[in-house]
Amino acid sequence: MSEDLYQNDLLRLAAEARGTGRLQAPDASVTLDNPLCGDRITLDVQLAAGRLSALGHEVRACVLCQAAASVIGRHAVGETPARLRAVAGEVRALLKPDGGPATPSAWPEIAAFQPVAAIRSRHVCVELPFKALVAALDAAAPEGGDA
Amino acid sequence: MSEDLYQNDLLRLAAEARGTGRLQAPDASVTLDNPLCGDRITLDVQLAAGRLSALGHEVRACVLCQAAASVIGRHAVGETPARLRAVAGEVRALLKPDGGPATPSAWPEIAAFQPVAAIRSRHVCVELPFKALVAALDAAAPEGGDA
Amino acid sequence: MTFQPEALPAALRRQFPLLGRTVHGQPLHYLDNAATSQMPQSVLDAIANHETTARANVLRSVHFLAEAASAAYEESRAECARYLGAGVPEEVVFTSGCTGAINLVAHSFGDGRGPGDGRGPGDGLGPGDEVLISELEHHSNIVPWQMLRQRRGIVLKALPVTDDGRLDLTHLPRLVGDRCRLVALTHASNVTGAVTDVASVVAAARAVGAKVLLDGAQYAAHGPLDLPALGVDFYAFSGHKTFGPNGVGVLWARGEILADMPPFLGGGEMIRRVTIEATTYAEPPHRFEAGTPPIAQAVGLGAALRWIRGLDQAAVQAHLAALTRRLLDGLAALDRGRGLIRVIGPGDLAARLPVVSFTVTGAHPHDICQILDRHGVALRGGHHCAQPLMDRFGITGTTRASLACYNDAGDIDALLAGLEDAMARLRVGTGASGLSNP
Amino acid sequence: MTFQPEALPAALRRQFPLLGRTVHGQPLHYLDNAATSQMPQSVLDAIANHETTARANVLRSVHFLAEAASAAYEESRAECARYLGAGVPEEVVFTSGCTGAINLVAHSFGDGRGPGDGRGPGDGLGPGDEVLISELEHHSNIVPWQMLRQRRGIVLKALPVTDDGRLDLTHLPRLVGDRCRLVALTHASNVTGAVTDVASVVAAARAVGAKVLLDGAQYAAHGPLDLPALGVDFYAFSGHKTFGPNGVGVLWARGEILADMPPFLGGGEMIRRVTIEATTYAEPPHRFEAGTPPIAQAVGLGAALRWIRGLDQAAVQAHLAALTRRLLDGLAALDRGRGLIRVIGPGDLAARLPVVSFTVTGAHPHDICQILDRHGVALRGGHHCAQPLMDRFGITGTTRASLACYNDAGDIDALLAGLEDAMARLRVGTGASGLSNP
Ligand SMILES: Cc1ncc(COP(=O)(O)O)c(C=O)c1O
Ligand SMILES: Cc1ncc(COP(=O)(O)O)c(C=O)c1O
Ligand code: FES
Ligand code: FES
């Protein structure tokens, strides 16, 4: 498990999350605490023409959480809120202990989180940025509403 | 234990406790509940010339408690408060699991309670009337005070 | 597979190490199951196995043992949810016991957050709001509401009891009024065995928007439940009466109610973020589980409920009904029409648990129990923590036999033989017993 | 008999079945004792023996098993009293844990009976009355007082912490004023290991008539106490951190204080007499033990304290000091003067428990712990339920090793080797780790 966990992939992803920084004028901004460790992520979104047009985040957390935030930072801009909610669902499914193989995703790095499935206490680390993303989208572009 | 407990001695004592009844004008009257079973004893005392001159009680309780009240009813009148407090102490000592042989008492029936020592949950049955007696004396003739 | 009722206990008994012991040189006849039931080997093993392979604190550490302990703890929660027919494990809160669970509701639901619109579950109860209990409740479902009355000025009402020891539901229309906020009743009486007609209670409560709490301390041992179908809002029970360990119990509550309730106890594990100035709280169920929970005990409770679910429920119920019949018939035979032995509880076996309380004129319950103990028969005498019910019947206590699936005809017969001896010793019916009670 | 420090753990370890297990193919190095300590065979046996020979409910039945269970339960209370140096067993209240014990005080002492002269222990606290805690308290000794603040309008003050993680008692005169009613502090920090100078605290509190509560969750495992000599009024601790079971804890309080305190939870066993109209309560300790208590768990706790008392305390303390030294020296060696590893806690071994918290620049505690887990080393990372202390040091968490008497040099060396590996994997100090935390 953790042997796999702390491979270059995740560490590189985590390192690259650094300094993503905040947006100046976000449409929505969400801060989530991880009650289990006290870590915190703040995520800003901006939308234009029904798609995510800009993203910012500040992460004070572990490697897993930073790596997850980094994946979002890499791929989320340009996607529709619906697509992003679907990706968050894929991540949740991937972590289910008996969730079977991950749903194929257009975001290849998500597969790197597969080993976390076996470690329940760390699921929240990976999920936190996705939860923050969905919460920010909910605020900026309510499901079913027009953004 | 209970083989011994429910011998004729205790049963006879209990039977004779019946109808002891209340005093018309007690100097003090005390009602005690046994929280463990909900049983209740009310005990009245009258004092004259530094001695117990009359006693009444009403007992709604088990055989052990009635027998103890009966012993009191038999012997207490005419005794000094100090002596009665000492007898109550003897009963407490008798019930101590490792209290050794009972202190010799001028009230021979007290020995009949010896088998109760082994049954902790019933100590309170025997002690209740003695506690009520001491409480009534405390009210009517405070220790160290002149009655 | 259906057991013959007579084959049932022999197979079951072997699973309970304690039942093999003797007391006072007699085989043990354990008939105090309503107080505490015994634990099967599989539950003992589950606890020992947890303590020797997976003992750790839960929820915060990431090491192997902590992962294992957290997984075992949360799986027990899921097992409890399955047993109760609950939608999701998050509706199951582990408590210290049934009493702890009811007190939690009295505080978190009862005191609430303070001023609100006065009708939301998290808004608490205030002066004039009513809680309906009954005269046959266990003290654990009376005292917490009296304390709430003292804190919040609520009005406490009590449903009367019929002469055969059932809730008198004909009074529901009178007692469940507009100000009623909660109906808190036992699912089955620990004294009379009477099972509550939940549907009628729920209907009356729903009509005025009141919530319903069931005290399942007695009922929960008798097989899996479907709480959403019952339509109640809160359900409480204890591990030690359901073939599980002491020190653990469950409060089940509807998710939307829990979500709206403030926490009760404060401490570790129930927070989101703490500063000296202010604290925010975790989501249910953890919001209600302050401090290190009873981990090994929850694991044991999960194993116990799994064990119950493995029983042939119909066979167990038929067996217990037959034993209850045997006991009731035996008591009648012993009485020989003298009217000395009086059973307090419904005669209809379908509407009662195998819990049989009786009084014997001229013999005190504790004296009876003490003599029965020499026969190896474990009964309970006294008020059974139901003093208002005793007052209702003008007595101070009863003698109670309470059966579990592992009891057999031999247990009943030993009780009856012992009772005959006790009545003789205590000279019941001779006019010479001279005992003033009951 | 004095053990050689090196011989000590080998003899002790054999008594702990769980310590023989492996994790991820590695021998287990259990260094999370401050979260939960392991149970020796004698405690496991005491519990199993109780459950299979004396299981019954306590206090109300008169049958053999109930007598045996009640005796075992009350003997455990006496054992707790002996361990604490308490005058009488009646000063020992069994609770669900340390958190349960502190909440009990917050409610029974804090809320009290209502209007009184405002200075009696049973009169409760009111607006403007002060409770002093500290910045290094566990959430279990913070949140209950915040909740009391919300209920009663008290003022909550917090003693600051020194740079080496001790209570800064120089602020006592400023913070313990005339309105101070209670000083509630930990006996030893679960993060920094610092042991509180109780005498100074008690002197300051006495001067203004305030009571003193010590949270003994961490300290209690380290040997018998003499609470009357310490001069405190309340003491709380948990079974699972003192080599005993989950689901049980103790509140000790001076008899005269308990006598004057109203009950907290309502239910069975804590009453004198119940009617629907009004209820009167039993004497302490039963007044505070509503419902069926954690019987088998109390029996286990008694066995655990007996086990601790059987240890050579001086040898254990010397052994643990030596291991703590080895750990601190090893961390310094690993750091090689780079200032990456920072220990938060006193350097003086005499004033601390064997609980060592540290941060590693550029590495998150949970990542460190996860990697250490593959080495078989069980550590705890995170805020340790002490977020205000984390805020004080501007961090979100630490990595913590906490030792018990059964730990040995091999455990420390495995930790150090594992930490070296973790630092390499996480590229600590290479400037390339890129991790923003801490
Ligand atoms: C200092 C301190 N206080 C209180 C507690 C709470 O103990 P428990 O969770 O067993 O109730 C702990 C344990 O985590 C602790 O370390
Ligand atoms: C009907 C009923 N309610 C509540 C309780 C309280 O359960 P516990 O003592 O396990 O908290 C009991 C058990 O005595 C009971 O029989
Ligand atoms: S440990 Fe806090 S987010 Fe991973
Ligand atoms: S049983 Fe109640 S006084 Fe003896």
Side-chain angles (χ1 to χ4, degrees), chain A residues 1-7 10-11 14 29-43 58-68 88-89 92-99 112-132 134-135 138, chain C residues 50 54-79 81-82 88-90 93 258-259 262-263 265-293 295 298-299 302:
Chain A
M1 297 180 253
S2 68
E3 232 109 50
D4 308 315
L5 268 186
Y6 295 92
Q7 288 311 330
L10 283 185
L11 288 170
S29 176
V30 160
T31 297
L32 282 189
D33 282 330
N34 182 342
L36 298 181
C37 54
D39 288 336
R40 171 172 283 191
I41 178 170
T42 300
L43 195 141
E58 208 165 74
V59 186
R60 198 182 55 173
C62 67
V63 162
L64 305 185
C65 186
Q66 292 190 58
R92 261 199 319 280
L94 176 82
L95 294 174
K96 283 248 170 69
D98 40 13
F113 294 107
Q114 169 79 65
V116 183
I119 311 174
R120 271 213 227 190
S121 58
R122 307 300 296 279
H123 290 184
V124 56
C125 299
V126 178
E127 284 177 12
L128 201 66
F130 289 96
K131 279 193 180 153
V134 170
D138 286 351
Chain C
H50 176 83
R55 177 174 158 104
N57 212 320
V58 291
L59 291 182
R60 299 214 174 275
S61 281
V62 302
H63 59 73
F64 183 92
L65 293 175
E67 277 280 328
S70 297
Y73 182 66
E74 295 302 334
E75 266 150 36
S76 282
R77 195 192 301 281
E79 181 64 46
R82 272 192 294 279
V88 292
E90 287 72 26
V93 177
L258 281 184
L265 303 182
E269 328 289 0
M270 51 70 77
I271 59 97
R272 179 174 298 283
R273 175 143 190 90
V274 175
T275 67
I276 299 289
E277 293 72 39
T279 288
T280 53
Y281 302 113
E283 294 297 307
H286 299 292
R287 185 191 300 161
F288 304 102
E289 297 180 352
T292 304
I295 305 165
V299 169

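Just so it is clear, the model here is predicted, and its values are computed rather than measured. Order of the sequence lines sets the chain letters (A, B, ...), proteins ahead of strands, with each chain counted from 1.
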Between CZ on residue C:Arg272 and CG on residue A:Asn34, distance to nearest 0.5 Å: 9.0 Å
C:Thr280 portion near chain A, given a 4.5 angstrom heavy-atom threshold: neither
Looking at C:Leu59 and A:Leu36, what are the two nearest heavy atoms and their distance? O-CD2, 3.4 Å
Chain A heavy atoms under 4.5 Å from C:Ala71: which part of the residue, side chain, backbone, both or neither? both
Identify which part of C:Glu283 has an atom lying under 4.5 Å from any heavy atom of chain A, answering side chain, backbone, both or neither. neither
Is the number of heavy atoms from other residues, nucleotides or ligands under 6.0 Å of C:Arg273 CZ greater than 12? yes
If you compare all heavy atoms of C:Glu67 against all heavy atoms of A:Ala118, which two are closest, and at what distance to 0.1 Å? OE1-O, 4.1 Å
